[in-house]
Number of protein chains: 2
Amino acid sequence: MPNAMSLSPHLRSQGVPKKIAKGCFLFGSGEKAEGFYYLLAGEVRAFSMDEQGREVEVVRLKAGDFLGEAVALAGGVYPVHAQAVRDSRVLYFDRRRVLSGLSREPEAARFFVELLARKCLVLNQRIEALGLRTVRQRIVQYLLGRCSGGGACLVELSGRKSELARRLGTIPETLSRNLRQMQEDGLIEVRGRRIRILDCPRLRAALVRGK
Amino acid sequence: MPNAMSLSPHLRSQGVPKKIAKGCFLFGSGEKAEGFYYLLAGEVRAFSMDEQGREVEVVRLKAGDFLGEAVALAGGVYPVHAQAVRDSRVLYFDRRRVLSGLSREPEAARFFVELLARKCLVLNQRIEALGLRTVRQRIVQYLLGRCSGGGACLVELSGRKSELARRLGTIPETLSRNLRQMQEDGLIEVRGRRIRILDCPRLRAALVRGK
DNA sequence: TTCCGAGGTTGACCTAGGTCAAGGATTTCC
DNA sequence: GGAAATCCTTGACCTAGGTCAACCTCGGAA
């Protein structure tokens with residue numbers, strides 16, 4: 001989840017800058033979460049392993065995103081592996097230091113409370129979205145979620161289509177078929193990883209009618 | 001979500017006690033969230049309306065649960081209606097007061113940071129769970145989630161089966177069929193809203209194998 | 001240029017599970 | 001207690017979408 005919150009200079013100063021070379025791990029699944037990261041530059045992927053040891057990407061982080069903050073602040077163990085896919089720069093925050101720092105730093109306390117509260121909202125929305133019956137509905141809701149709302153607008157996928165499929169709780173084939181269908185219905189226009197929304201109102205209607 | 005965190009006496013003193021008579025609303029969907037609630041006693045249900053104006057229960061709260069804290073602290077609008085289903089007693093916390101109080105009350109800051117962080121984890125788990133392919137898997141994971149892990153154990157559903165169905169992203173019919181199937185497979189024993197897990201290890205295996 | 005490999009698309013097929021409709025079984029309320 | 005209203009279960013049916021396998025496309029390397 002992109003957080004789009006900028007760190008206050010003061011908070012920033014509490015983080016320890018680190019460089020993570022491409023391919024290096026920030027942490028591994030199952031490790032006790034003693035701290036968390038703020039990504040200054042680069043790219044990190046979080047993934048878990050399925051039963052057969054195949055990797056399953058959970059989320060991909062870019063500059064401005066936090067990584068592992070909820071786990072660390074709640075005092076759990078990382079549920080995923082995190083690996084830099086490019087040379088990256090991060091700030092590392094020690095869990096205990098932040099927690100005890102909350103006492104002295106009202107700024108920071110507010111910041112984290114709002115950060116986490118916002119995250120909860122986003123997660124809740126995702127839960128709602130996953131509750132939607134059809135894949136098509138989920139696609140629609142995803143598209144609407146990142147379109148300004150006007151007549152026509154363009155959505156550019158950040159990752160692979162297969163990642164989007166996974167995120168929407170389906171598989172590439174089904175995503176592909178649905179996109180084509182929607183294209184034939186004149187709702188959208190797909191070109192590579194660019195999706196142009198042709199008929200925003202009708203798209204919105206499709207969401208409600210449960211079609 | 002049950003939170004199972006007890007309020008510190010000090011924090012508790014910041015809440016304004018209120019009595020909510022059965023049937024009364026704590027807030028309505030779409031209202032600006034100026035505060036949130038902590039349920040001392042009674043029962044509250046949160047629900048939204050689907051397109052046809054039918055009510056859809058989202059969650060049911062009992063004593064010890066918070067209501068609307070994430071929305072309020074993030075500064076949004078309530079996404080649901082909240083109504084007391086029994087005479088209830090709550091503490092009401094004013095959003096602004098809490099937020100500004102974080103400056104003076106390190107205790108409170110820590111409390112809310114941990115509360116929200118924990119909530120994020122729970123929500124994440126639910127997202128993962130909803131990503132499971134089959135309804136049966138989701139049932140299994142739900143049952144395992146509330147079973148101590150030993151040989152046999154008993155799970156008592158807190159609400160209606162239809163609520164559980166909805167929570168698992170399905171419908172009562174399918175839930176019913178799956179439960180019966182699992183019963184025939186000798187995995188569980190269903191009596192009313194009591195479910196006895198007969199074969200915990202085998203159940204766990206069923207989760208992994210994706211069957 | 002050609003070759004190669006990963007991602008994407010398509011088709012054929014089949015099953016999980018959603019819908020509709022009809023009983024049972026519990027609660028609830030008088 | 002009994003009637004009414006909810007819930008729950010079951011059956012028949014059908015469609016969304018997952019699986020498997022083949023093919024296409026495009027970008028990078030030789």
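Throughout, a chain's letter reflects where its sequence line sits, starting with A, and its residues are numbered from 1. Basis for what follows: all heavy atoms, side chains included, without hydrogens, waters or symmetry-related copies.
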Tell me the interatomic distance from [X], atom [atom1], to [N], atom [atom2], rounded to whole angstroms.
X: B:Arg180; N: C:dG17; atom1: CZ; atom2: P; answer: 14 Å
X: A:Leu179; N: D:dA16; atom1: CG; atom2: C1'; answer: 16 Å
X: A:Arg193; N: D:dG27; atom1: CZ; atom2: C1'; answer: 12 Å
X: B:Arg194; N: C:dT26; atom1: CZ; atom2: C1'; answer: 15 Å
X: A:Gln181; N: D:dT15; atom1: CD; atom2: P; answer: 14 Å
X: A:Leu168; N: D:dA16; atom1: CG; atom2: P; answer: 18 Å
X: A:Glu163; N: C:dA6; atom1: CD; atom2: P; answer: 16 Å
X: A:Arg191; N: C:dG8; atom1: CZ; atom2: P; answer: 17 Å

Tell me whether the rings of A:Phe93 and A:Phe36 are parallel (<30°), tilted (30 to 60°) or perpendicular (>60°).
parallel
First of B:Ile171 and B:Arg160 reached from the 5' end of DNA chain C, by closest nucleotide
B:Ile171
Both A:Leu175 and B:Val190 contact DNA chain D. Which one's nearest nucleotide lies toward the 5' end?
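Mapping each residue to its closest nucleotide by heavy atoms, the 5'-most match is B:Val190.
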If each of A:Glu173 and B:Ser162 is mapped to the nucleotide of DNA chain D with the nearest heavy atom, which maps nearer the 5' terminus, i.e. the 5' end?
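Taking each residue's closest nucleotide, the earlier one in sequence belongs to B:Ser162.
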Heavy-atom pair of closest approach, residues B:Asp65 and B:Arg60:
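Looking at all heavy atoms of both residues, the closest pair is OD2-O, 4.4 Å.
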Choosing from [options], which nucleotide comes nearest the side chain of [X]?
X: B:Thr170; options: C:dG8, C:dG18, D:dG18; value: C:dG18
X: A:Pro172; options: C:dT9, D:dT19, D:dT9; value: C:dT9
X: B:Ser176; options: C:dT19, D:dT10, C:dG8; value: D:dT10

Heavy atoms under 4.0 Å, any strand shown: does B:Arg177 hit a base, just sugar-phosphate, or nothing?
base
Charged N-O contact under 4.0 Å between B:Arg177 and B:Glu173
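Answer for the salt bridge query: no.
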Taking everything shown except B:Lys32 itself, do over 12 heavy atoms lie less than 6.0 Å from its NZ?
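Counting neighbours around NZ of B:Lys32, more than 12 heavy atoms of other residues, nucleotides or ligands fall under 6.0 Å, so yes.
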Please identify each residue that fulfils side-chain contact (heavy atoms from CB on, under 4.5 Å) with A:Arg86, with sequence neighbours left out.
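Checked A:Arg86 against side-chain contact (heavy atoms from CB on, under 4.5 Å); matches are A:Glu43.
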Are any of A:Lys161's side-chain N or O atoms less than 4.0 Å away from OP1 or OP2 of C:dT9?
yes
